[in-house]
Amino acid sequence: MPSRLSDSFKAHPVHLHQNHIDLQSVREVPDSYAWPPLADHPSSIGDSYHVDSVPVIDLSDPNAAELMGHACETWGVFQITNHGVPMHLLEGVEFQGRRLFSLPAQQKLKAARSPDGISGYGVARISSFFPKHLWSEGFTIVGSPVEHVRQLWPKDHNKFCDIMEKYEKEMKELSARLMLLMLGSLGIAKEDLKWGAHLKDACAGLQLNSYPSCPDPNRAMGLAAHTDSTLLTVLYQNSTTGLQVLKDGTRWVTVPPLPGALVVNIGDLLHILSNGRYPSILHRAVVHRTRHRLSVAYLYGPPMNVQISPLSKLVDLKHPPLYRPVTWKEYLGTKAKHFDKALSSVRICAPRSGFVDMNDHNSVKVG
Ligand SMILES: O=C(O)CCC(=O)C(=O)O
Ligand SMILES: [Fe+2]
């Protein structure tokens with residue numbers, strides 16, 4: 001890799017607080033963690049609310065590519081089944097994640113992410129954009145996690161590292177396969193992409209998220225609303241509800257955990273590549289009163305220095321390029337500075353009249 005993912009974070013250090021309270025043991029939400037009450041929290045809306053739901057696509061279905069194209073255009077997110085990732089591997093990743101987050105706070109802090117680093121334990125980087133703390137903790141893996149994991153389990157870091165390595169390998173293959181299907185549904189072949197031969201050596205990271213149970217879930221926020229800076233993200237969530245996506249810029253829809261399924265969402269870079277056809281979906285994670293939630297996001301992006309711009313096959317007089325070329329490295333820097341304004345800051349063309357820009361989140365209250 002000519003330039004590494006971690007380099008783009010060195011240039012944008014963030015000084016985050018570490019959770020100064022142990023979220024697992026508090027009985028009341030402290031003021032510094034109290035968000036305005038959430039009207040769209042699953043516990044406030046009940047089951048009858050489900051007017052429409054995130055598509056579920058069986059990857060062994062001969063029409064999978066077509067279904068995926070439709071899901072990408074109308075939702076920007078879908079769940080997949082029959083994806084080929086062994087159930088025991090998903091369970092192993094969940095087990096190791098739980099093992100890590102259930103360590104005492106002082107132990108976890110030994111593996112804390114440094115301000116200019118990307119890997120390690122800590123609160124979500126996006127928390128610096130919000131006035132209130134998030135009800136979550138995370139562990140980021142980019143490259144080998146061994147240095148950080150050794151701090152947690154000096155004599156026993158192999159099991160964790162081996163499972164995560166196997167999982168990343170599976171995710172890389174799956175993501176390349178999903179990219180091909182998604183591009184195929186836009187009429188794009190691998191050869192149309194200058195870096196098409198490198199889909200499998202694209203850059204990526206693994207983000208483990210832990211959301212402790214919360215005494216007042218309507219007033220806490222697990223992970224505030226954001227879009228991912230990726231091409232696509234593949235998310236494993238345990239059996240506790242929490243992930244919500246903003247449908248049509250107007251209402252939060254819960255993505256229900258399905259045993260063995262994985263959630264796939266479009267990130268900002270695939271939105272740019274598709275010249276705005278596939279929306280990068282705004283999503284957030286809410287928390288539960290009695291249950292601990294765990295999720296593992298595989299963040300898949302292109303090789304660091306490849307220029308990402310609207311694909312020429314998707315550009316014509318009627319569809320001018322909406323975005324200027326940008327490398328992932330540069331885009332991560334833009335996101336670190338401008339957060340939810342990052343996509344509009346690389347935009348060169350206003351949306352067509354009558355065209356609802358699902359990625360204009362400026363009018364949406366983020367959080
Ligand atoms: O925990 C979840 O469901 C969402 C995680 C997420 O959005 C992320 O890690 O970027
Ligand atoms: Fe995300």
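Computed over heavy atoms, backbone and side chain alike; hydrogens, waters and symmetry mates excluded. Each ligand, and each atom within it, is numbered from 1 in the order the structure gives.
Using a 4.0 Å cut-off between charged side-chain N and carboxylate O, Asp340 and Lys335 make no salt bridge. The residues Arg27 and Asp216 are annotated as not salt-bridged, no charged nitrogen and carboxylate oxygen being separated by less than 4.0 angstrom. With salt bridges taken as basic N to acidic carboxylate O contacts below 4.0 Å, one links Arg98 and Glu94. Remark: Glu330 engages Arg324 in a salt bridge, criterion side-chain N to carboxylate O under 4.0 Å.
By the 3.5 Å distance cut-off applied to N or O atoms, Gln207 is not counted among the residues near ligand 1.
Among protein heavy atoms, atom 5 (C) of ligand 1 sits closest to Asn209 ND2, 3.4 Å.
Which parts of ligand 1 touch Tyr211 is read off a 4.0 Å heavy-atom cut-off, strictly below it: atoms 1 (O), 2 (C), 4 (C), 5 (C). The Leu223 neighbourhood of ligand 1 comprises atoms 5 (C), 6 (C), 7 (O), 8 (C), with distances under 4.0 Å to a heavy atom of that residue. Atoms of ligand 1 lying under 4.0 Å from any heavy atom of Ala297, numbered from 1 in the order shown and given with element: 9 (O).
Separation of atoms CD1 (Ile266) and OG1 (Thr230) is listed at 8.5 Å; rounding is to 0.5 Å.
In this structure, OD1 of Asp228 and NE2 of His226 enclose an angle of 90° at the Fe ion (ligand 2), rounded to 10°.
With no hydrogens or angles considered, no side-chain donor-acceptor pair links Ser229 and Asp268 at under 3.5 Å. No side-chain donor-acceptor contact under 3.5 Å links Arg125 and Thr140.
The side chain of Asp228, and not its backbone, has at least one atom closer than 4.0 Å to an atom of ligand 1 (non-hydrogen atoms only; side chain from C-beta on). Only side-chain heavy atoms of His226 come within less than 4.0 Å of ligand 1; its backbone N, CA, C and O stay farther off. With a heavy-atom cut-off of 4.0 Å, Leu235 touches ligand 1 through its side chain alone.
Counting heavy atoms only, His283 comes closest to atom 7 (O) of ligand 1 of the residues His283, Arg293, Arg284.
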